[in-house]
Protein chains: 2
Amino acid sequence: MNTGTEAPRRTRIQQEKRELILEAALEVFSTHGFRGSTIDQIAEAAGMSKPNLLYYFRRKEDIHETLMQRLLDTWLAPLRELDDIGDPMTELRSYIRRKLEMARDFPRESRLFANEILQGAPRIMPLLAGELKTLVDEKAAVIKGWMRAGKIAKTDPWHLIFSIWATTQHYADFDVQVRAVLGPNRGGDGRFEDAARFLEQLFLEGLKPKG
Amino acid sequence: MNTGTEAPRRTRIQQEKRELILEAALEVFSTHGFRGSTIDQIAEAAGMSKPNLLYYFRRKEDIHETLMQRLLDTWLAPLRELDDIGDPMTELRSYIRRKLEMARDFPRESRLFANEILQGAPRIMPLLAGELKTLVDEKAAVIKGWMRAGKIAKTDPWHLIFSIWATTQHYADFDVQVRAVLGPNRGGDGRFEDAARFLEQLFLEGLKPKG
DNA sequence: CTAACGTTTGTCCAATCGGTCAAAAATTTG
DNA sequence: CAAATTTTTGACCGATTGGACAAACGTTAG
């Protein structure tokens, strides 16, 4: 039985070149979107001719699809790690920290994902309503357990997860704006540490003045 | 002196048709990005032929530019309203509420802006580093005053503004994902009220359990 | 060496892109 | 009404797009 999903056998050269192409495509797709990117651009970024690239990926969409499949796995890893063992507040704090680190270390992946969602997620809608929803529902239940146990304040766990996604990914997706607004001094390399400190306080205590 | 920025005189028909085109272009640009959109698409959405559209806007970029200029004004209006008079906590809460209402009522404008920033803000970079930075710095100073006066907790005002932008615009830019994850029940029309309730609690009190 | 296989490229193609242009149609003006 | 002006359109253009293809090239096993 061929389900069409298993990876075909590949030579060593094929594996290497495919990686090279995917790396180049990530760079191009994440800054121009799918329709805004051309095969020539990707081929040039990968240091090969267009027909050569099309020898490894038969269609432009195949590259994008491969990229998105890999992305979702690594992208949701931090949420998968959110576990019931350990102190709830610590768990949440380290989830936020990990997500912010991903925004810092893999901004292209974040932008690729944002581009796809912004345009209506035409290629990954089934994944969102299926795999993603299942995972979020599962983790929302965990968080709800913490709320019932009085370990964290009672709120909507789904919107809590959204707010963590939004605030952390903002530093990857809107990086240009963040740096423009912060200026050369505050917008330097330290901006992620500033963000980490701020987000920790926001999610822990909010803005209400002490005392 | 002609600075090139003042609006030329236009007939009634020109004004109406230009509005029609801008409305159609907002729809198309916001879902496909600039390079992903075609003049034919916009013309069809506006109910006219391509040459006719090009009679009102000579270049594709002119449409986008006009759209972005209008956008920034209305988009930043809520932040401009953030004022020193009145209770700080109330001011912030109503700013968050207004931003969330904009995400609900003008999602296309939000996505148009997000598309531009995602792709490196090639067309509005000067505005970000100029007008926008000035406004944010000004409001950050106001917020800092509130912190010094002990009216709200001490944190980084810039990142506070970022977090408000991120959490509210998330419901416009990532709407497809939000609805997919929430499902048909929780993802219905009530999702914005749920979000409003959650965000109010997050920014006010954070997640620390009471007592 | 040579045959087989995997890799690379130059050339080409149909479709689509942004944009032009002259002429027709509609509207306004006198 | 008729002339002048504005609006609309069909036909067209060069450039770029995603992709096809056969021929050339490189590598390796016998």
Side-chain angles (χ1 to χ4, degrees), chain A residues 4 7-69 112 115-116 119 122-123, chain B residues 4 7-69 112 115-116 119 122-123:
Chain A
R9 280 190 203 92
R10 300 194 213 283
T11 68
R12 182 184 52 85
I13 291 186
Q14 274 175 345
Q15 284 189 14
E16 288 175 4
K17 296 279 169 135
R18 282 174 66 93
E19 286 309 314
L20 223 138
I21 292 170
L22 288 173
E23 158 66 25
L26 174 60
E27 185 72 29
V28 176
F29 279 144
S30 66
T31 50
H32 297 107
F34 179 76
R35 288 188 57 184
S37 306
T38 70
I39 301 185
D40 290 278
Q41 269 180 301
I42 301 172
E44 195 197 330
M48 62 180 73
S49 65
K50 180 169 69 170
N52 196 188
L53 182 148
L54 286 166
Y55 170 72
Y56 293 103
F57 290 90
R58 298 176 67 174
R59 297 179 310 144
K60 181 186 176 186
E61 245 191 289
D62 291 348
I63 311 176
H64 191 264
E65 199 181 312
T66 307
L67 227 37
M68 291 300 293
Q69 278 172 3
L112 178 68
N115 257 307
E116 176 70 10
Q119 304 185 0
R123 290 164 243 277
Chain B
R9 281 192 201 90
R10 298 194 214 284
T11 67
R12 182 185 51 84
I13 291 186
Q14 275 175 345
Q15 282 190 14
E16 288 175 4
K17 296 280 169 137
R18 281 175 65 94
E19 285 311 312
L20 224 139
I21 292 169
L22 289 172
E23 158 66 26
L26 174 60
E27 185 71 30
V28 177
F29 279 144
S30 66
T31 52
H32 297 108
F34 180 76
R35 286 188 58 183
S37 305
T38 70
I39 300 185
D40 290 279
Q41 270 180 300
I42 301 172
E44 196 196 330
M48 63 179 73
S49 66
K50 178 169 71 169
N52 196 13
L53 182 147
L54 286 166
Y55 170 72
Y56 294 103
F57 290 90
R58 299 177 66 173
R59 296 179 310 145
K60 181 186 176 186
E61 247 191 286
D62 291 348
I63 312 177
H64 191 265
E65 200 181 311
T66 307
L67 228 37
M68 291 300 292
Q69 278 172 2
L112 178 68
N115 257 308
E116 176 69 11
Q119 305 185 0
R123 289 164 242 279

Tell me the closest heavy-atom pair linking B:Ala24 and B:Ile42, and the distance in Å. CB-O, 3.7 Å
From C:dC17, D:dG19, D:dG18, nucleotide with atom closest to A:Arg35 side chain: C:dC17
Shortest non-hydrogen contact from A:Asn115 to A:Phe29? ND2-O, 3.8 Å
Between A:Leu54 (CG) and D:dA22 (C1'), how many Å, whole number? 15 Å
Check the distance between D:dA20's C1' and A:Leu53's CG and give it to me in whole angstrom. 14 Å
Picking from D:dG18, C:dC17, C:dT8, which would you name as closest to the side chain of B:Thr38? C:dC17
B:Ile21 CD1 to C:dG18 C1': how many Å, rounded? 15 Å
Distance-only, no hydrogens or angles: does the B:Lys60 side chain make a donor-acceptor pair with backbone N or O of B:Phe34 under 3.5 Å? yes
Under 4.0 angstrom between A:Gln14 side-chain N/O and C:dT7 OP1 or OP2: yes
Rounded to whole Å, the CZ-C1' distance (B:Arg59 to C:dC17) equals 16 Å
Have a look at B:Ile39 and say if it touches a base, only the backbone sugar-phosphate, or nothing, with a 4.0 Å heavy-atom cut-off. sugar-phosphate
C:dT8 phosphate, OP1 or OP2, under 4.0 Å from A:Tyr55 side-chain N/O: no
Please tell me which of the listed nucleotides, D:dT8, D:dT17, C:dC17, lies nearest to the side chain of B:Lys17? D:dT8
Round to a whole Å and report the spacing from CD1 of B:Ile63 to P of C:dG18. 10 Å
Once you round it to whole Å, what is the distance between C1' of D:dG19 and CD1 of A:Ile42? 14 Å
What is the distance from CG of B:Asp40 to P of C:dT20, rounded to the nearest Å? 14 Å
If you look at every strand shown and take non-hydrogen atoms under 4.0 Å, does A:Lys50 touch a base, only sugar-phosphate, or nothing? base
Is a donor on one side and an acceptor on the other found under 3.5 Å between the side chain of A:Arg123 and the backbone of A:Glu65? no
Specify the residue among A:Pro51 and B:Lys60 whose closest nucleotide of DNA chain C lies further upstream toward the 5′ end. A:Pro51
note: B:Arg58, atom CZ; C:dC21, atom C1'; distance rounded to Å ~ 13 Å
For A:Gln41, is the CD atom crowded, meaning more than 12 foreign heavy atoms sit under 6.0 Å from it? yes
Respond yes when some side-chain nitrogen or oxygen of B:Asn52 is under 4.0 Å from OP1 or OP2 of D:dT9, and no when none is. yes
